[in-house]
Amino acid sequence: MTFLAIFGFLNLSFTDIVDILLVAIIIYLVFRWIRGSSAMGVFTAILLLLLIRVIAGALGMKLMTAVMNTVLDVGVLALIIIFQPEIRRLLMGIGNRYRHTPHLALLLDKFLGVKEDSLDSGVVSEIVEACKQMSDEKTGALIVIPQKDHIEYIKETGDEVDATVSRRLIMNIFFKNSPLHDGAMIIDGGRIAAARCTLPITERQDIPAHYGMRHKAAIGMSETCDALILVVSEETGNISFVRGGNIRTVGSTSELRRLLTPTAAEKTTSTVEKTQSAAEKTPSAAEQTPSTSEKSNDKENDASAE
């Protein structure tokens, strides 16, 4: 039984309408994902082929339907091969969405046994001092510090180091004549795991022009994982902190130290807020106790009244 008939050959039921709406939502989400990229033309061509396939099937054109089915079957395999990096980035983005819901993230982390990789104070101090000296000397640097997500596929693009974190080693690796300076350094597990690694470049078009390729690579990497990324500009010497696709300029070494220890920063912020709220609730001693001049004025008024 159908409740709607269009053009005499297209019968729509309630299930068909729901099916069409779901497909339309999927097409809209894919369109938002690839909008502004080179895949937009390919996506439009696929939609045209699908439209031709639907029209041919509705009109009963068996030969055209068979040809379009063959083209689409082969085309799906070709698209998977051609757009393999984009598909992997999309799936990784979907998998990382659960972090936006803290309760779900905590539950999944406990179930999967995932622990956040935190740096000790000694390693943080070495990284901060190295960035400060490279900033003063305007030495370009790109440092990636993984958190919960594993980035073994990024480490494989570079050279394995496996060394203790020290400011001198970091500066030597990023020295302009060093064979390992071109690329990113990975600091994982409190050790320098790899250097000269290749990071994915972001496809965003709203990046300010004064940011170079290091910054774009850092933003692209932060869009696919939860790593903390540091960039030292070779032109200006500015230190930038990147996480979750957001970039900010670091103004001091103390700020950089807090950014590399987010748990300590959150505790410090909550402590400051509690102190401020307590100070606002507690009236000052001057408000509670009348001043000496006010008391003497009261006594003089009483005496004059008598």
Separation of [Y] [atom2] from [X] [atom1] (nearest 0.5 Å):
X      : Y      : atom1 : atom2 : value
Ser135 : Leu256 : OG    : CG    : 10.0 Å
Ile46  : Ile27  : CD1   : CD1   : 10.5 Å
Tyr153 : Thr198 : OH    : OG1   : 12.0 Å
His181 : Lys176 : NE2   : NZ    : 9.5 Å
Ile52  : Leu72  : CD1   : CG    : 9.5 Å
Ile173 : Asp182 : CD1   : CG    : 13.5 Å

Can you name the closest pair of heavy atoms from [X] and [Y] and give their distance?
X      : Y      : value
Ala56  : Met64  : CB-CG, 3.6 Å
Thr249 : Glu255 : O-OE2, 4.2 Å
Asp149 : Thr224 : OD2-O, 4.4 Å
Asp120 : Val123 : OD1-N, 2.8 Å
Cys131 : Leu230 : SG-CD1, 3.9 Å
Val144 : Ala227 : CG1-CB, 3.8 Å

- Step by step, work out the salt bridge (Lys or Arg N to Asp or Glu O under 4.0 Å) result for Glu235 and Arg214. CA-CA 11 Å; Glu235 297 179 357; Arg214 284 191 180 92; over 6 Å; no
For [X] and [Y], does a side-chain donor sit closer than 3.5 Å to a side-chain acceptor?
X      : Y      : answer
Glu234 : Thr139 : no
Ser125 : Arg257 : yes
Thr164 : Ser166 : no

Taking [Y]'s backbone N and O only, do any of them form a donor-acceptor pair with [X]'s side chain (distance below 3.5 Å, no angle check)?
X      : Y      : value
Ser240 : Ile247 : no
Asp226 : Lys148 : yes
Ser222 : Gly245 : yes
Thr202 : Gly220 : no
Asn172 : Arg168 : yes
Ser233 : Asn238 : no

- Query: Do NZ/NE/NH1/NH2 and the carboxylate oxygens of Glu129 and Lys132 come within less than 4.0 Å?
  - Reply: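 Looking at Glu129 and Lys132, the cut-off is not met.
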- Item | Note: Arg196-Asp159 ion pair, threshold 4.0 Å (strictly below) | yes
Report yes or no: do [X] and [Y] belong to one cluster of Ile/Leu/Val/Met/Phe/Trp/Tyr joined by side chain heavy-atom distances under 4.5 Å?
X      : Y      : value
Leu50  : Met68  : yes
Leu29  : Ile26  : no
Phe175 : Met171 : no

Do the side chains of [Y] and [X] get nearer than 4.5 Å, heavy atoms only?
X      : Y      : result
Pro200 : Ile154 : yes
Ile170 : Ile143 : yes
Ile207 : His215 : no
Val18  : Leu22  : yes
Ile145 : Ile229 : no
Ile192 : Met185 : yes
Phe241 : Arg248 : yes
Lys155 : Asp188 : yes

- Query: Yes or no on side-chain contact (heavy atoms from CB on, under 4.5 Å) for Met61 and Ile55, after CA distance, side-chain angles and deciding distance?
  - Reply: CA-CA 9 Å; Met61 304 171 65; Ile55 295 175; 5.9 Å; no
- Which residue, Val124, Val250, Val128, forms the side-chain contact (heavy atoms from CB on, under 4.5 Å) with Leu259? Val250
- Item | Pairs involving residues 47-75, ordered by first then second residue, that meet side chain to side chain donor-acceptor pair (under 3.5 Å) (sequence neighbours left out) | Arg53-Asn69
- Query: Counting only heavy atoms not in Lys216, do more than 12 sit closer than 6.0 Å to its NZ atom?
  - Reply: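 No, the 6.0 Å shell around NZ holds no more than 12 heavy atoms from other groups.
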